[in-house]
Amino acid sequence: MKYFLLTKNTNFQSLIVLLFLSFLFISCNSHEPTEPPLEIRFEPPAHFPEVAYDLNTNPITTEGFLLGKALFFEGDLSRDGTISCGSCHIPTSAFTHHGHDVSHGIDDRLGRRNATPIMNLAWHRSFFWDGGVHHLDLTSLVPIEDEREMDEDFARVLEKLAQNNDYPRRFERAFGSPEINTVSVLKALSQFMIIAVSANSPYDKYARGEALLSDLELQGLKIYEEKCASCHSGTLFTDLSFRNNGLFPKPRPDKGRYEITLNPDDEFKFKVPSLRNLRFTAPYMHDGRFRTLDEVYDHYESQVQDMPTLDPLLRSENNKLGIRLSSKERTALTAFLETLNDADFVTNPLFQE
Amino acid sequence: MNYISKNIFFVLAILASFLLFSCNNDDDTDSLTPDIEEGEVGRMRFEFDNIAGNRNLQLNTGTYQTASGEEFNVTTFDYYLSNFVFIDKDGNEYAVPQDESYKLVRESDRESQFFGFDNVPAGDYTAVRFVVGVDSLRNTKDISERTGALDPANGMYWSWNSGYIFVKLEGNSPAAPENQNGEHIFRYHIGGFGGFDSPTINNVKTVEIPLTETAVVRKNNAPLLHFTVDVLKLFEAPNPFLISENPTVMFAPFSVKIAENYVRMFAFDHLH
């Protein structure tokens, strides 16, 4: 693919976002507001798999990204102007709704699922816990139209943006036409989300040969490889498949993937989430039922429910369910999972409102 | 057959056709099928006229009755038609270029019920085939190839389960259960293109309708095919059902039954 400009001996930079921003220059000229000469490019990290998103259909530009960012934090995407994408996808929480088990939308209405991080989505082939949406460009329609989230007609969003003093000009700069339509709004939002790449954690530096891990972290890596990597696999820390990890179904259960395929074999299956940035994304699971990693370990160790669609990997030969995790193993595993936290990602000024 | 009798046959045939013409010259273009020039194209026009039984459909104000005797009115009736193919008397088919073939017909928008296609090869067309809904492939195309009628902002799209709603019928009926606002609403949003990577409901349906009058397309002749679309049929054969038992059907197995019914809504009425 032609986006892969990096060669093996290039000094690796996961996402080259060139901020040619001279603070000195600005402070000397503070009376003259200057546009920061920012240049956004998407370059997939070399240790990541092939990008799923077809960038030919939406070439990333600085103007497109900035427009997408403005839209991401735009209250007018909701019925009453109060909720933006950023309300539930908070950048400092790896774009999750930190502290909420299920997300909180318009008029304080509760959703039914835990907000997923906006992170490395250019590699995903389906979206949401149930994979109901098969293209990143189509994801933004869901929260806008969901009555528990932003509760707005997409057609009204287009009208509101067209009446805004600023947006027609910004669309013109990004896409060459001041016309604001479904395609341009969705593509701009995708540009912002595509650039949200998390690939600079201590683990990534280790993977690129730029840093070492401690003995404990390496022990944790081994445990992860043995016990977790069959599902939370690869550099994305998810194989992006739909699986049932044995969570106890609540009353009026969320049947996950089944709701999309109506296939009984898909009952209670959810898209395997990434293990990156867990420090910032608690609570965990599709309904945010666990607040800590220890609760997650307890689940895998002793609470896995027997169900017809339970993933076979969680069923051992003697028909014991779950994954044994001694307290020593837990300590090491946690130390390893900590290396997946990418502080650069959550503090990157590029993503802050 | 010898040479002479062949010739006589030929002469007779010509005579017969003259007779036919003279018998029909009160009739206009129908049987007077003018010659076709090389590469000649014309326009085929359509009207989709929504009805309820033998009455015209009136949004909100009209009250109708299903075959099972349930009363109802209609507040929304919208549907997609696409992938039009015209079949001539010899069985030759002409497919409208796909990009141009997507039409969203809305009862609330009279203009949407009339449309036409240009550059149709001149010919004598005796049947029309189209998809009720949006074909599977188009459902999966990049959003930039889904503008106009296919814009997801048109309200005929399931965003949470990416795919078009093919037919939407909503209304009120005393047979529908009361909701918390004291209303008795029924809603049928039928779609399902078969799934992106895992197979699921596929309600993409093709109908082929013979034209009881030949549609003669020429440079200077643009026939208008008047179709009727009878909402009552949605409740009838082959799977008759009660509003009271199925007041809301969206993405669920029962939608397959309704789709089997609604392909029978479409009928050719006459030619203008």
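Each chain gets a letter, A, B and so on, in the order the sequences are listed, and its residues count up from 1. What you are looking at is a predicted structure, and each value in this text was computed from that prediction instead of being measured.
- Remark: of the listed residues V185(A), V183(A), T57(A), V183(A) is the sole one forming a side chain to side chain contact (heavy atoms under 4.5 Å, CB included) with I143(B).
- Using a 4.5 Å cut-off between heavy atoms, D137(A) touches chain B through its side chain atoms alone.
- Contacts between T147(B) and chain A at a heavy-atom distance below 4.5 Å involve the side chain alone, from C-beta outward.
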Working for side chain to side chain contact (heavy atoms under 4.5 Å, CB included), residues L262(A) and I201(B): CA-CA 8 Å; L262(A) 303 176; I201(B) 291 175; 3.3 Å; yes
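- The line from CG of D146(A) to OG of S159(B) is 7.5 Å long, rounded to the nearest 0.5 Å.
- Heavy-atom contacts from other residues, nucleotides or ligands closer than 6.0 Å to CD of E208(B) number more than 12.
- The aromatic rings of F193(B) and H134(A) sit perpendicular to each other, their planes meeting at more than 60°, with 30° as the lower class boundary.
- Rounding to the nearest 0.5 Å gives a distance of 7.0 Å between CZ of F251(B) and CD1 of I260(A).
- Summarising the local packing, CD of Q65(B) is surrounded by more than 12 heavy atoms from other residues, nucleotides or ligands at distances under 6.0 Å.
- Note that CZ of R125(A) is 9.0 Å distant from CZ of F196(B), once rounded to the nearest 0.5 Å.
- Residue N154(B) does not touch chain A at all, counting heavy-atom pairs closer than 4.5 Å.
- Residues R257(A) and S198(B) have side chains that bring a donor and an acceptor to within less than 3.5 angstrom of each other.
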Side chain to side chain contact (heavy atoms under 4.5 Å, CB included) for L138(A) and Y157(B)? Distances and angles first, verdict last. CA-CA 11 Å; L138(A) 300 168; Y157(B) 195 75; 3.5 Å; yes
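- Between A153(B) and A155(A), the shortest heavy-atom distance links the atoms O-CB, 3.9 Å.
- For D151(B), the part sitting under 4.5 Å from any heavy atom of chain A is the side chain, from C-beta outward, and nothing else.
- Using a cutoff of 4.0 Å between basic side-chain nitrogens and carboxylate oxygens, D142(B) and K187(A) are scored as salt-bridged.
- With respect to the salt-bridge test (charged N to carboxylate O, under 4.0 angstrom), the residues K141(B) and D54(A) do not qualify.
- Counted within 6.0 Å of NZ on K160(A), heavy atoms from surrounding residues, nucleotides or ligands total more than 12; the atom is thus considered enclosed.
- The environment of CZ in R79(A) is crowded: more than 12 heavy-atom neighbours from other residues, nucleotides or ligands sit within 6.0 Å.
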